[in-house]
Each structure stands twice: as C-alpha cells, then as structure tokens.
Protein chains: 2
Amino acid sequence: MLSTSTRAGTLGDVATVTTRPYHHGNLRAALLEQAERTLAERGALSLRELARELGVSHAAPRRHFADKQALLDALTESGFDRLGRELDAAIAGAAADFTARLTSLACAYVDFATQRAALLELMFAAKERPDAAAGVRAAADRAFAAPLALFHEAQAVGEVVPGDPKRVATVAWACFQGLAAMANGGMLEAGSLDDVVADAVDRLVHGMRPR
Amino acid sequence: MLSTSTRAGTLGDVATVTTRPYHHGNLRAALLEQAERTLAERGALSLRELARELGVSHAAPRRHFADKQALLDALTESGFDRLGRELDAAIAGAAADFTARLTSLACAYVDFATQRAALLELMFAAKERPDAAAGVRAAADRAFAAPLALFHEAQAVGEVVPGDPKRVATVAWACFQGLAAMANGGMLEAGSLDDVVADAVDRLVHGMRPR
DNA sequence: ACCTGAACACCGTTCAAGT
DNA sequence: ACCTGAACACCGTTCAAGT
C-alpha cells in the first residue's frame, strides 16, 4: 500500500494498478490528478463522479477538501504554478530581443489558455472572491513575475515607454487573455492562432497608426 | 388576462399585479425577463427556481424552451442585441475623431462586460458550440458592425494601418475583452476602470515604444 | 485517522394526466 | 394549447456509524 502511494505522483492512473489502491493512502493527490484530467476533457467537475471514478464513496473527498470550492482552489493554485513554469520556459527558449520574448510569452499563454480553458476560468474566478486563498495569490504573482520583469528590463534599455511596468503589462496581457477567450469562443477566423498572436504583438509594439 | 399580457413587457414585475397573472399568457417573456435579472444578480440560473419565482410548476418552462440551453440561447441573442444598441449609442455620443470614438466604444464594452458578466460569458459560450443558433450569430455580427465600420473608416482616411479591418479590430477587441475579464476577476488595481481603458486605447493606437 | 451509507435539499428532464 | 404532478437520475453537503 505504501509502495503504490509513492508511485502515484509519477505514474498516474493509480486506480488500475491494484484492485483498491487507497481507501487510505493518497486520495488527496488522486482527487486532484483526476479532477484536472476531467476538467480538461469535459470542462466540468462533479465531486460524486470523481469519487466514483476513484472507487471511493461520495463522502470520502470530504476528508481532504472541506467542500468543492476547496478542491477547486487547490486546482487553481497548481494551475498558476504550471502556468508560471510554462511562461518561464517560453522566455528562456526565445531569442534575447524584446519582441521575440514577448511573442514567445504570448504564444505560451494563449496555448495554455486554450488547452486548459476550464482551468484558466477557475483561475480567474478564484481571484474574483475576496477570500481567495493566500497561496493562490502568491502563485499568481509568481506566474506573472517573468512577463513583468521583461517589461521592466525593456523600459530600462529604452525599448518601452517609461512608467509603472504594470500599466503596459496589463494592456498587453489583457490582449492575450482576450485572444484566448475569443479563440475558445470560436470567434476567431480559422488560420493559425500563433499568427494572430504574432500580429497582436506587432500591433501592441508599434501601434495601429501607419508607420 | 389579455390586458396583463400586453402590459408585461413595459412594466415588468407582472407576477405581483394579480394573484396568478399567467398560467397561460406570457410565460415565455416572463421567463426571459426573470432569467436575465437572476443572472445579473446571482450569476447563476436554475430553471426550477425560475419557475418557482414565477409561480408555475417546474415543468411549465418546457412548453416554451426545449431545455435549459434553449433559454440560455434566447438570453444570448437578446444580449447581443442590447450590446449592439449600447455600442451604437457610444459611437454616436462621442466626438468625431477616431481615438475619441474608440475610447467611447471601449468604455461602453467594458461597462457592459462588467455590469453583465454572467450574460457575456453566455454570449461567449454560445459561439463555442458549433450548433449555435443562426439568430445568435446574426445578432453578434450586428453588435460588432459599428466598431468594424469605425476601423474601416479610419483606414480610409489613413489613420489606421491598411489591410483587413478585422485584423486590427480583433486585436483591439481582444484587449477590451481581456480588460473586462481581468476587472471581473479582481486582477486590476483599484483606480478607475475608465482610466485603464483610456490608457489601453492610447497604447493600442501609439504602440509601446517611446515616441 | 480515514472512510462508508443513509439522509436532506437541491438539480434538469421526461411523461402521463389534467383543463 | 398550455400546464401540473410524480418520477428518474443526477448534484453537494451533513452526520452518525464503522474500521
């Protein structure tokens, strides 16, 4: 029993390894794992369905999460962690110039937002409530640290208008968020989403007046 | 009975006028009216609750809407109609120059998006489904006709980069949509939302390189 | 400490039956 | 034509009881 629980995080699909792998063990981790998968596949979540899929009673999740919202909060926090890692990777994998880095960040964000639409919606809704867990806020701040630093550095070398970097970062990020929302809503002409994103970055950098 | 049904649309709150005002009458209109109110106030909707509030059985709505989604579709369509009217009013009430009109449009849109957050979410979700009603698509196109025309005219007088006006319109609108989502998610520093919007328009028009 | 089973108050949807 | 009432298969949450 201990051996299955130690493998759980890395291998996934713990439920099929033995006949009844937890009952006590790593239910908490299994719930989060299954919840994220279900959310990605079906876009909705039922606690009872989760319990059914993991072979525990519908009341069992209560031992690990006070209510459904508590599970969603945990999902949200790990979502920000993952987003932060992907944004960090995007900036590290791009050429050193500002536009290339911003484009890479934008593509990574829009990709995350479209691949995990339901999760991102949770992440937005989490901040909506005033009582959002402190851990969620911290993870969110950390996720957006790299983009903010990029704008700050670009200001330092005179490539971006001066002032609070959050002002210009907010506008850019709103644009990416909106593109993702429009893509998820099917309101974008077909074509490649990355092209639309690159177009948006060019417009953000240079404005829309003729040069 | 006929007299109450003719007054329904204009006065609202029909349910309190007589003891049992419909039972047959304008249930359909009353459902839509109440649904929009509930959605704005609580952000969620239950058909049974709606029926309860209107004093009909929980099965009665079925006569007017095949299922919950059909009611949401109707709400969505009237939402686009209303949005279209507000955008038209915004452009009519602004000074004649491009930036003033764009700022006015943006403020009107963000205002709509924050005042009726749940409705706008429905409007986005409606286009997500491939089987979105034709009426919904038409209402959506109509709502965004004025903004698109603004970009087209600005291109004609050389104030905006040439090309398909939808390209630049998409970027601008994504930005406004993202600002609204961030405002609804509580991710915007306090301050006036209109200031943030005006800042965004300025950035969109002039870009973020130092002038 | 962790989980179960029954219970409660809700859902959306269906359908025979009423007027 | 329009509405009701009972029924079905779901929810989330609570709580006494089991191990």
Side-chain angles (χ1 to χ4, degrees), chain A residues 1-2 4-6 8 14-15 18-35 38-39 41-76 118 122 125-126 129 131, chain B residues 1-2 4-6 8 14-15 18-35 38-39 41-76 118 122 125-126 129 131:
Chain A
M1 195 149 339
L2 262 179
T4 68
S5 87
T6 51
V14 198
T18 72
T19 43
R20 283 244 172 176
Y22 358 79
H23 269 304
H24 33 86
N26 56 333
L27 217 206
R28 197 195 129 96
L31 280 166
L32 286 173
E33 202 181 309
Q34 183 72 22
T38 305
L39 202 59
E41 283 166 9
R42 288 196 278 282
L45 216 54
S46 144
L47 240 35
R48 288 181 102 113
E49 185 190 17
L50 237 46
R52 235 179 283 126
E53 288 166 338
L54 295 176
V56 296
S57 86
H58 64 265
R62 194 73 209 294
R63 290 295 121 190
H64 300 92
F65 299 101
D67 54 17
K68 189 179 184 179
Q69 190 56 53
L71 188 149
L72 297 181
D73 283 345
L75 237 37
T76 290
L122 278 189
R129 290 165 297 107
D131 60 314
Chain B
M1 198 153 334
L2 262 179
T4 68
S5 88
T6 50
V14 199
T18 72
T19 43
R20 284 244 170 174
Y22 357 80
H23 270 302
H24 32 88
N26 56 334
L27 217 207
R28 198 194 128 95
L31 280 166
L32 286 173
E33 200 181 311
Q34 182 72 23
T38 305
L39 203 59
E41 284 167 9
R42 288 195 279 283
L45 216 54
S46 143
L47 278 184
R48 288 182 103 113
E49 185 190 16
L50 236 48
R52 237 179 282 126
E53 287 166 339
L54 295 175
V56 295
S57 86
H58 64 265
R62 194 73 208 295
R63 291 295 119 191
H64 304 278
F65 301 99
D67 54 16
K68 189 179 183 178
Q69 190 55 55
L71 187 148
L72 296 182
D73 283 345
L75 236 37
T76 290
L122 279 189
R129 290 166 297 106
D131 59 312

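Lettering follows sequence order; numbering is per chain, from 1.
To the nearest 0.5 angstrom, A/D73 atom CG is 12.5 Å from A/K68 atom NZ.
Between A/N26 atom CG and C/dC2 atom P the separation is 12 Å, expressed in whole Å. We find that CG of B/D67 is positioned 9 Å from C1' of C/dG12, with the value rounded to whole Å. A/H64 places its NE2 atom 16 Å from the P atom of D/dT13, with the value rounded to the nearest Å. If you take CG of A/L47 and C1' of C/dC11, they are 16 Å apart, rounded to a whole angstrom. Atoms CG (A/L31) and P (C/dC2) sit 13 Å apart, rounded to a whole Å. Between A/H58 atom NE2 and D/dT13 atom P the separation is 11 Å, expressed in whole Å. If you take CZ of B/F65 and C1' of C/dT13, they are 16 Å apart, rounded to a whole angstrom. Whole-Å rounding puts the A/L72 CG to D/dT13 C1' distance at 15 Å.
Among the nucleotides C/dC10, C/dG12, D/dG5, the one closest to the side chain of B/A59 is D/dG5. Considering only side-chain atoms of A/E49, the nucleotide from D/dC11, C/dC3, C/dT4 that sits closest is D/dC11. Closest to the A/R48 side chain, of the nucleotides D/dC11, D/dA7, D/dC3, is D/dC11.
Using Watson-Crick or G-U wobble geometry with both donor-acceptor distances under 3.5 Å, D/dC10 finds no partner in any strand shown. Using Watson-Crick or G-U wobble geometry with both donor-acceptor distances under 3.5 Å, C/dC2 finds its partner in D/dG18.
In terms of modelled atom types and a separation under 3.5 Å, the side chain of A/R52 and the main chain of A/V56 share no donor-acceptor contact. In this structure, A/R62 contributes its side chain and A/A66 its backbone to a donor-acceptor pair below 3.5 Å.
The minimum heavy-atom distance between A/A35 and A/L50, with the atom names listed, is CB-CD2, 3.8 Å.
No option in B/L27, B/L72, B/L71 other than B/L71 meets the side-chain contact (heavy atoms from CB on, under 4.5 Å) test with B/F65.
In terms of phosphate contacts, A/R62 brings a side-chain nitrogen or oxygen within less than 4.0 Å of OP1 or OP2 of D/dT14. OP1 or OP2 of C/dG12 has at least one side-chain nitrogen or oxygen of B/S46 nearer than 4.0 Å.
Within the 4.0 angstrom heavy-atom criterion, no nucleotide atom of any strand lies near A/R28.
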